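Residue numbering restarts at 1 for every chain, and letters A, B, ... go by the order of the sequence lines. What you see below is based on every heavy atom in this structure, not just the backbone, and it leaves out hydrogens, waters and symmetry mates. Bear in mind that the values here come from a model prediction, so they are computed numbers and not experimental data.
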Amino acid sequence: MPTLTLIDGSGFIFRAYHAIPHLSTTKGIPTNAVYGFTNMLLKALREHAPTHVALVFDAGRRSFRHDIDPEYKANRPEAPDDLASQFPLVRDVARALNVPVIEEPGFEADDIIATLAGRARAAGWEVVVVTGDKDFAQLVDGGLSLYDPMAEASGRGGWTGPAEVEKKMGVRPEQVVEYQSILGDKIDNVPGIAGVGEVTAAALIRHFGTTEAMLARPGEIPAAVSRGGEKLRDKVVANAERIRTNRRLVALRRDLDLPFAPEAFGRRPPDQERARALFSELEFSRLVKELPPPPPTARAETPETIDGRAALDAAVAALVQAGGPVGLLPVLGEGPPRTAPLVGLAFAGAGRAFYLPLGHRYLGAPAPLAPADVREGLRPLVEAALPLHAHELKAAAHALARLGLARSGPGEDTELMSRLLLPTRREHALVDVARERTSCELPRNPADGAKRGAPGLEGLEVERVAAWAGACAASLPDLAAKLAEGLEAERLSPLYREVERPLVPVLVEMERTGILVDRGAMEGMSAEFGRSMQDLEARIHAAAGHPFNVASTRELAQVLFVELELPVVKRLKTGPSTDQDVLEKLAEQHALPRLVLEHRSLSKLKGTYVDALPQLVDPADGRIHTTFHQAGAATGRLSSSDPNLQNIPVRTELSRRIRQAFVAPAGARLLSADYSQIELRILAHYSDDPGLLQAFRDREDVHTRTAAETFGVPPEQVTPDQRRIAKVLNFGIAYGLSAFGLSQRLDLPPSEAQGIIDRYFTRYAGVRRYIEWAVEEARAKGESRTLFGRARTMPEIGARNPALRNAAERTAINTPIQGTAADIVKIAMIRVHDALAQERRAARLLLQVHDELVLEVPERELAPVEALVRREMEGAARLKVPLEVQVGHGQTWAEGH
DNA sequence: TGACACACGTAC
DNA sequence: GACGTACGTGTGTCAA
């Protein structure tokens, strides 16, 4: 027997919109309603597996009900913009899933559903109406039930049959219309009778059966209800016409003259390709994963596996001769790209793809070519002037470097390009980027999703890896072209061409060079810190009266707030906080918190740095090689990991000892050059604030100047405390500091903090204008940009939730400043690197720490390299104020400051 | 045992 | 809820 599922599409869009507060793509397209709707639709299809299905929408805002009562649905506001924009997307989803859509101008979805359901029932079909609207209860019978996937998801039972109707409403399904005529419907602006609720309405209908019977025999009303019958009778009689009107409004029409029959809605399987493309575009990554994998569309002309020097020479010659762009894909095992096992190398162009196995390790794996043959065989390709594209060029360059080859020719980095286009997205895997930009479905990485202990890529057969890697390499030329168009369209090409792309070889060299560490010093500190911690731990246990795990915030909270009964200063989700601020306050009342602070400090330094760093020293050269992430941060800053060398401690005396373990080799010095107040200078530039501009042009102490302006005293009378406050203010302004934040930080009353901020903005009106401009700009354009055109989308800038919106506004204030600083430092790195090469210096860039560059410089080059670095850094950008650089050098990184 | 969230802390 | 951007460690919980 056929089964028909009818889905109340309009109802669900609104419900999904309100149930899911905020969801948007990284480009800022709102998707909350379409996401909820899609989930609902998929769930409904999964649950019922109907033979026939249709999705029904309202079309137009008027129906026959408006002629009956002009007030009908008059309370319904226009859909907000961020919902209306999703209506077409919902139809796209339906199309992709091959679900027929019905909408008939002048008819409401409810009546269409009622009519179709009636016809299907008459033919003996079973019907399910997927809805959350109780109005449909009037349709329920033995073969028609209602299903609400959202109610079921929240555990409230999603199915409604005759028994459920009677239980919930107190009347039988065929009485629902009568019942609702009395009760009205708030949502549709159908008024009920004042003072008559669900219980009374149900009692009346149980007694009379219909409203007409009730209106014919009002005398029986007092007997039908438990109390207040006299008054109720008068109200019903007075509202007789209202009840009759309501009946015409709430009764669903089952007799519409529709030009289609249920038979037309036979179910078809989803259009996989379309669904995949759409869900990817909408960034529904979970739903993409749930779709069965499609057949790969990338026809990389079965890659040729290279089995000898002659084959390699022929392949390379063919590609060099063709002269077109070549895609390069190193196949790497686990670990950072600089050292990960090099399993093989795929390269493709001119319609051909090749795979060169280099490190497959399994029984019967073919022996790789001799290293010299690999190197010399690849050399003509690597040294050719043709473009060589890669998805993460830095990793490809590391791979080539390990084969003894240096690449300096042209070529795009498709990962970097994709990251510039979507800087807040974390993952930019090639298969995803290729699907999105070129609609090409690459084969899955054969090692992906493997369980731990299962062989990685190096344990897989050459042919399997070749098929995958060859297809990936072959996709790169087209993809690079598409991404270049995207960058052009988003006005990001100059940033990519002049800053990001040229930075790649600089970072490759920095990672390869690494920084020398004094392992002995680290290991000595480890033992020393360990002893101090043990000593502190004993004293902490004594103060508590019993041993406990000092590192456990939960156990510590138990000791502090339950056993010692100290006051709770700050609460977190899971209980009272024990962070530094809290312990500082508690230290005024008890000795234990101070000891814990000391213990924490040592534990942090030992665990994060002193113990971890020596393990990451490369035994080959005694140096630590971090990995820089060129577009890992949303603002454009670099980040660093494995290890993170951008958060090595500097502030306390003890922590400076860690910097002392970063050293220069004999005959060389570490040189540290950092931009002075770069972010504040950028704020001066953006804001055009005369006071701020003047402070930098006159090379004044900017914090003292701010203090003088804010507190209304001459600069020479600024007290250290006033300067301290001004410093916090100067740092905080660019982050969107609030009075609350300032009061917390300075331990002042909020009113006083507010006064300081008010005075600051009076003196620095330009800064206030910058803040307003930054927020307004982000709201108008949906993105923030840096001076060099780097863009970051701001999807939540228009959010109705004030917390989300405020956070987005602070981001909009900060991003142009932090991002412009990042741009300038990147430009400086390229300039310094190029100038060192130009002057044939042996000095090398080692690290970048946001506003600081660290170099290793042979002693004899110190003076000229210091001048070079200062010149190139200060000249990296021309702002309305000069850029200043402070340089220091010494045997260790600590002395460089 | 591994994956994950949380709290915390380091840098700029 | 309250100041932006990162990464790493240890604890604790949950599921396999």
Which residue, F740(A) or T815(A), contacts DNA chain C at a nucleotide closer to its 5' end, judged by nearest heavy atom? F740(A)
dC6(B) to dG1(C) separation - P atoms, rounded to the nearest Å: 14 Å
Any donor-acceptor pair under 3.5 Å linking the side-chain atoms of T578(A) with those of R600(A)? yes
Can you find a heavy atom in the side chain of L680(A) that is under 4.5 Å from one in the side chain of F731(A)? no
Out of dA6(C), dA11(B), dT10(B), which nucleotide sits closest to the side chain of V650(A)? dA11(B)
Taking the minimum atom-to-atom distance to the side chain of R426(A), which one of dC12(B), dG8(C), dA6(C) wins? dA6(C)
Ignoring hydrogens and geometry beyond distance, is a side-chain donor-acceptor pair present between Q646(A) and Q848(A) at under 3.5 Å? yes
Just how far, in rounded Å, is P of dG12(C) from CG of L572(A)? 15 Å
Answer yes or no: does a side-chain N or O of Q580(A) lie under 4.0 Å from OP1 or OP2 of dT10(B)? yes
Spacing between L683(A) atom CG and dG4(C) atom C1', to the nearest angstrom: 13 Å
dG10(C) phosphate, OP1 or OP2, under 4.0 Å from S603(A) side-chain N/O: no
How close or far is atom C1' of dG1(C) from atom CZ of R800(A), stated in whole angstroms? 19 Å
Considering just the side-chain nitrogens and oxygens of S552(A), establish if one lies under 4.0 Å of OP1 or OP2 belonging to dT11(C). no
Output the rounded distance in Å from NZ (K727(A)) to C1' (dC12(B)). 13 Å
State whether E772(A) and R769(A) are salt-bridged, where the test is any N-O pair (Lys NZ or Arg NE/NH1/NH2 against Asp/Glu carboxylate O) under 4.0 Å. no
Which is true for I648(A) with a 4.0 Å heavy-atom rule: it touches a base, it touches only sugar-phosphate, or it touches nothing? sugar-phosphate
Ring geometry between W893(A) and F662(A) (parallel below 30°, tilted from 30 to 60°, perpendicular above 60°): perpendicular
Counting any heavy atom closer than 4.0 Å, what does N806(A) reach on the DNA or RNA strands: base, sugar-phosphate only, or nothing? nothing
Atom CD of E555(A) and atom C1' of dG12(C): how far apart are they, to the nearest Å? 11 Å
What nucleotide among dT11(C), dT5(C), dC12(B) has an atom nearest to a side-chain atom of A634(A)? dT5(C)
Measuring from the side chain of N549(A) (C-beta onward, heavy atoms only), which nucleotide among dG8(C), dT11(C), dC7(C) has the closest atom? dT11(C)
Would you mind classifying the nucleic acid contact of S577(A) as base, sugar-phosphate or nothing, using non-hydrogen atoms under 4.0 angstrom? sugar-phosphate
Is there a donor-acceptor contact under 3.5 Å linking the side chains of T710(A) and R759(A)? no
Touch class at under 4.0 angstrom, heavy-atom based, for Q646(A) against every strand present: sugar-phosphate
Which one, dC8(B), dT9(C), dG4(C), comes nearest to the side chain of A612(A)? dT9(C)
Using OP1 and OP2 only, check whether a side-chain N or O of R810(A) sits under 4.0 Å from dG4(C). yes
Grab the two heavy atoms, one from P423(A) and one from L420(A), that are nearest each other, plus how far apart they are. CD-O, 3.7 Å
Which part of the nucleic acid, if any, lies within reach of A739(A) when heavy atoms closer than 4.0 Å are counted: base, sugar-phosphate only, or nothing? nothing
CZ of R659(A) versus P of dT10(B): gap in Å, rounded? 13 Å
Select base, sugar-phosphate, or nothing to describe what D674(A) touches, counting heavy atoms under 4.0 Å on all strands. nothing
Look at the side-chain N and O atoms of K573(A) and state whether any lies under 4.0 Å from the OP1 or OP2 oxygen of dC6(B). yes
Taking only the side-chain nitrogens and oxygens of N814(A), find out if one of them lies under 4.0 Å from OP1 or OP2 of dT5(C). no
Looking at every non-hydrogen atom in both residues, tell me the closest pair between A876(A) and I824(A) and how far apart they are. CB-O, 3.8 Å
Residues within residues 761-799 of chain A bordering DNA chain C, heavy-atom distance below 4.0 Å: R792(A)
Could you run through DNA chain C and flag its stems, i.e. three or more consecutive Watson-Crick or G-U pairs with both distances under 3.5 Å? B:1-12 with C:4-15
For dG10(C), does either OP1 or OP2 sit under 4.0 Å from a side-chain N or O belonging to R600(A)? no
What is the distance from CD1 of I682(A) to C1' of dG4(C), rounded to the nearest Å? 14 Å
Which one, dG1(C), dA11(B), dC8(B), comes nearest to the side chain of T553(A)? dC8(B)
Counting heavy atoms from C-beta on, name the nucleotide in dA7(B), dT10(B), dT11(C) closest to the side chain of T574(A). dA7(B)
I'd like to check V881(A) versus Q677(A) (side-chain heavy atoms, cut-off strictly below 4.5 Å). Are they in contact? no
Start with the C-alpha distance between V767(A) and F761(A), add both sets of side-chain angles, then the distance that settles side chain to side chain contact (heavy atoms under 4.5 Å, CB included), and finish with yes or no. CA-CA 7 Å; V767(A) 174; F761(A) 279 128; 4.0 Å; yes
Does either side chain, that of Q754(A) or that of D758(A), offer a donor lying less than 3.5 Å from an acceptor on the other one? yes
In whole angstroms, how far is the P atom of dA11(B) from the CD atom of E679(A)? 16 Å
Record whether the side chain of R554(A) comes under 3.5 Å of the base of dT11(C) through a donor-acceptor pair of N or O atoms. no
Is the closest basic N to carboxylate O distance between E528(A) and R657(A) below 4.0 Å? yes
What nucleotide, of dT11(C), dG9(B), dC12(B), holds the atom closest to the side chain of V849(A)? dC12(B)
